[in-house]
Structure formats: C-alpha cells, structure tokens
2 protein chains.
Amino acid sequence: MSQAQPPADGPKKTRIQQKNRAAILEAALDVFSAHGFRGATIDQIARAAGLSKPNLLYYYPSKEAMFTTLMSNLLDTWLNPLRAMDPEGDPMAEILAYVARKLQMSRDYPRESRLFANEIVQGAPRMLETLSTELKELVEAKSAVIQAWMDAGKINQTHPKHLMFSIWALTQHYADFDVQVRTLMDGEDPYDAAPAHLETLFRRLLDPAQS
Amino acid sequence: MSQAQPPADGPKKTRIQQKNRAAILEAALDVFSAHGFRGATIDQIARAAGLSKPNLLYYYPSKEAMFTTLMSNLLDTWLNPLRAMDPEGDPMAEILAYVARKLQMSRDYPRESRLFANEIVQGAPRMLETLSTELKELVEAKSAVIQAWMDAGKINQTHPKHLMFSIWALTQHYADFDVQVRTLMDGEDPYDAAPAHLETLFRRLLDPAQS
DNA sequence: CCTGAGTTTGACCGGTTGGTCAAATCCGTG
DNA sequence: CACGGATTTGACCAACCGGTCAAACTCAGG
C-alpha cells in the first residue's frame, strides 16, 4: 500500500526489465565478489550498474534479495561440471575432465568463485540450506559413482569426498587466491602451468598401475 | 592534543594493559575471521572482549590498527611451518612433514586461516605489501630448495610454486571451507581421513620411483 | 589515605547505509 | 497524440558505525 508495485520476480515482462535486471545482477556479482555481502553497498552496485539506488530497489526489494537471486542463479552453472561427470565414461578420463573443466571455470569465472568463497568462509549464513540439500544430494550421488569406480579397480582407492574436496580446493584456489598467486608468480600466468600440474597430480593419485 | 594519551604500541607497561590488549586481539580474531574487515564492527569486538567501545579505542587508535596488529602478529606463526622445511633434511620427508604441519595448523587455528582467506579473497587490500615482500622472499627461497631437490632426482619434477599452492590449497581448504566440508560429511570428522589422504596424494605426486 | 597516572565510560558527532515515498518522467498502445 | 502503466529519481529517514571527548573511576606507591 505504498511503493509503486515493484515487478514480482516471476516471469520477465518488458525488455527494459530484462535489461536492467541483468545489469543489476552483473554489477552485484562484481561488487559482492570483491567485498562480500556486508562489505558491499547498494550504492556501489547501483553505480556499477549505471542506475540509481532507488531504481535498484524497484527491481529487487532488498540487498539480500539481490544476493540470493544472484547466488541461486549462479549455483546451477557452478555445479554443471560435476553434474557432467558421466558414470558410464572412463573413470580416469571423467575425473581428469572434471578437474580440467573446474579449473577452466576458475579461469573464466573468478568472480563467481570468489562470491561463493566469501560466503562459505564466513560460515555460509545465507547458503547453508542450499549446501545441505542441493549440493549434498549431488555430492552423495557422485561419491557413489566414484566409489563404484574404485571398487571396480578402475582407479585407486581414496576417500571419494576428500577427493572431491581436493579437486575443489586445488582448482578454486587459483581464482579465490588470485592476488596471492599472481603476486608470487610475478608476471608468469598461473594458468600456463596449472592444467598440466593438476592433471599430473590427479593422474598419479588415481592411476591404479601405481601401487 | 585531546584524548588522554593512549599507550603507544611499543613496550607493554602495566598488567592491565597486557591483559586487555590480549583480550582485544583474541576477540578481534573471532570477529574479523567470521565477518571480514568491513563486516566486523568495533562494537562486536568490544562485546566479545567484554570491554566498551571507547575502551578498545583507548588501546588501539582505530579498527584498522586492531586489524593490522592482529595480522602482523599472526603472520609469523602462520609461516612457521614453511620456514621449518629443512634444506638439509630428506626431501620427501620434509615436504610431507610440511603438509602435515600445515594441516594441523588448519585444525588448530581455523580462525587464523579464515582471517587470511577473507583478506586475500577480497584482494588483500591491507596485505599486498606484506605478500609481495615478506611472503615472496620466503617462497622464493623455499622454491629454490625444492627445485634443487628435484634437480637432484630426490623427488619428481613439478613446478615448485604450483606445488606450494597445492599444499596451501589442500590444507587450508579444511579450515576455510569448514562449514561446507562438515555439511557434506554429516558428522564424520574431516580430520579423521584428511592426513592420510593428503600424505598419499603428495607421496604419489612426488615419489620418483613412480614415472 | 592521598595523589596522580592509568583506565573506563556515557554522551555525543558526522558520515554512511539500507530502505521509503511521492512526484516526475518515460514509453508502448490505441 | 493521449493515456495509463512502467520506470526513474531527489529528498528523506532511522539505524548504524567509526571515532572523539570530558568527566569519572581505579589503583599502585608514597
């Protein structure tokens, strides 16, 4: 009974809405990933999106809403590489492909990686629900697949979940700790050597030809 | 020329000062590591330390000062495991010991790990200087040691810096992404299997007996 | 128990921030 | 080109936040 009825989040309506909503989420990704939820301000996002602050709040009812919309939009993309791991494929090839895809994600979408990193490092106050349902389900399923591969002797025995943690840690590190990595490699692009390094690492870990 | 001369940061004076300075840094570690610099408030730290806000500012001139004091106090401890890597020791044993020590640090000092993670993920605005001098120096030195070990055929050839990144990523992941890890392992302590997992991983990567 | 340095705090300040609102402007459609 | 809904914005507000200050309190040494 006050604010000019803002558009519900449901179906996109006009082309202006589509354009502005997209611009806002893009700007929000920039700002949230660089400063975290608390560190980001609506004004910053507005400036980055080329809109006014009240205008942002016309499209999204609150800063929280921008954040959660952004998160849930991105989660699917983020989990795609894991979903793409094919139980019918060759185990070693599938895992190495997953590692490669995940590393490529770090390279192509570092902001998304840092967005999730920020949130999880701080205890995932706005994502615990998602972690313990959607992500957990996917991880359980893929763990079982990996376990089956191990039981079939296709790859070495290891703890499937710790294997997954290792893949996430190693690939996301290049995006999340980008500043540190680049500072220490002065000039050399980390992504020159990273793919080969990680492939070797996981191949040696998993190749059953080696004890 | 106003505020009752706050104690300089130099030598500790009274026992009250020692106790309160310590309590403040302890509380600051709690709050900064959980919310990041921007997300933390002086009031939160004050409450956690059992002191009033102006009282904190009597001991430290600003929030920034608390943060940087905390950071530089912790950095030494944080880098100790790497410093302890002995060029004269057995290469494989030295590296595996480093991994084990680093993992133990994640277990014993998760807040410290998250404090650094928060700062670096957000571009290390208050630490770039330190990274590019103190850390860089140490990393260059230890990289050379590792390279020498590789050249001597004691361990497999890999990129020394990427090896170090891998050690950091894998060990700190358990502290920095603790919520996620624990959510996905429902109940099982990640640190039960992590040491063996990481030892196997790095042993297989580095053991020169394997191609 | 007096004194002065050391310590603590309530009140306050200016700037920022998330969010509101009414009025103004825009824009597609008839 | 007129109209009504969609969009945009300047002004505003209350809460919060980092920091200041003068006054009050504590406490060790004489």
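Naming: A, B, ... by sequence-line order, numbering from 1 per chain.
Using modelled atom types, one side-chain atom of B:Arg114 and one backbone atom of B:Ala175 make a donor-acceptor pair closer than 3.5 Å. Although no hydrogens or angles enter the test, the distance criterion places no donor-acceptor pair under 3.5 Å between the side chain of A:Asp176 and the main chain of B:Val121.
Along DNA chain D, the nucleotide nearest B:Glu64 and the nucleotide nearest B:Arg15 are compared for position; the residue whose nucleotide lies closer to the 5' end is B:Glu64.
Here A:Asn55 does not reach the OP1 or OP2 of D:dT7: none of its side-chain N or O atoms lies under 4.0 Å away. Checking the phosphate oxygens (OP1, OP2) of C:dT8, a side-chain nitrogen or oxygen of B:Asn20 falls inside 4.0 Å. The phosphate of D:dA6 (OP1 or OP2) has no side-chain N or O of A:Gln17 nearer than 4.0 angstrom. Residue A:Tyr58 places none of its side-chain N or O atoms closer than 4.0 Å to OP1 or OP2 of D:dT8.
The side chain of A:Ile16 lies closest to D:dT8 when the candidates are C:dG10, D:dT8, C:dT8.
The distance between atom NZ of B:Lys19 and atom C1' of D:dT26, rounded to the nearest whole Å, is 12 Å. Atom CG of A:Leu56 and atom C1' of C:dT20 are 14 Å apart (whole Å). Rounding to whole angstrom units, CD of residue A:Gln18 and P of D:dT7 are separated by 11 Å.
For residues 161-172 of chain A, the salt bridge (charged side-chain N to carboxylate O under 4.0 Å, His left out) pairs, not counting sequence neighbours, are A:Glu140-A:Lys161.
Using a 30° and 60° split on the angle between ring planes, A:Phe177 and A:His173 fall in the parallel class, below 30°.
Neither side chain, A:His197 nor B:Thr158, offers a donor N or O lying under 3.5 Å from an acceptor on the other.
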Atom pairs, protein N/O to nucleotides 13-18 of chain D N/O, distance under 3.5 Å:
unit_1, atom_1, unit_2, atom_2, d
D:dC17, OP1, A:Arg38, NH2, 3.0
D:dG18, OP1, B:Ala40, O, 3.2
D:dG18, OP1, B:Lys63, NZ, 2.8
D:dG18, OP2, B:Ile42, N, 3.0
D:dG18, N7, B:Lys53, NZ, 3.0

Identify all side-chain donor-acceptor contacts of residues 43-53 of chain A below 3.5 Å with residues at least two apart in sequence or on another chain.
unit_1, atom_1, unit_2, atom_2, d
A:Gln44, OE1, A:Thr41, N, 3.1
A:Ser52, OG, A:Asn55, N, 3.3

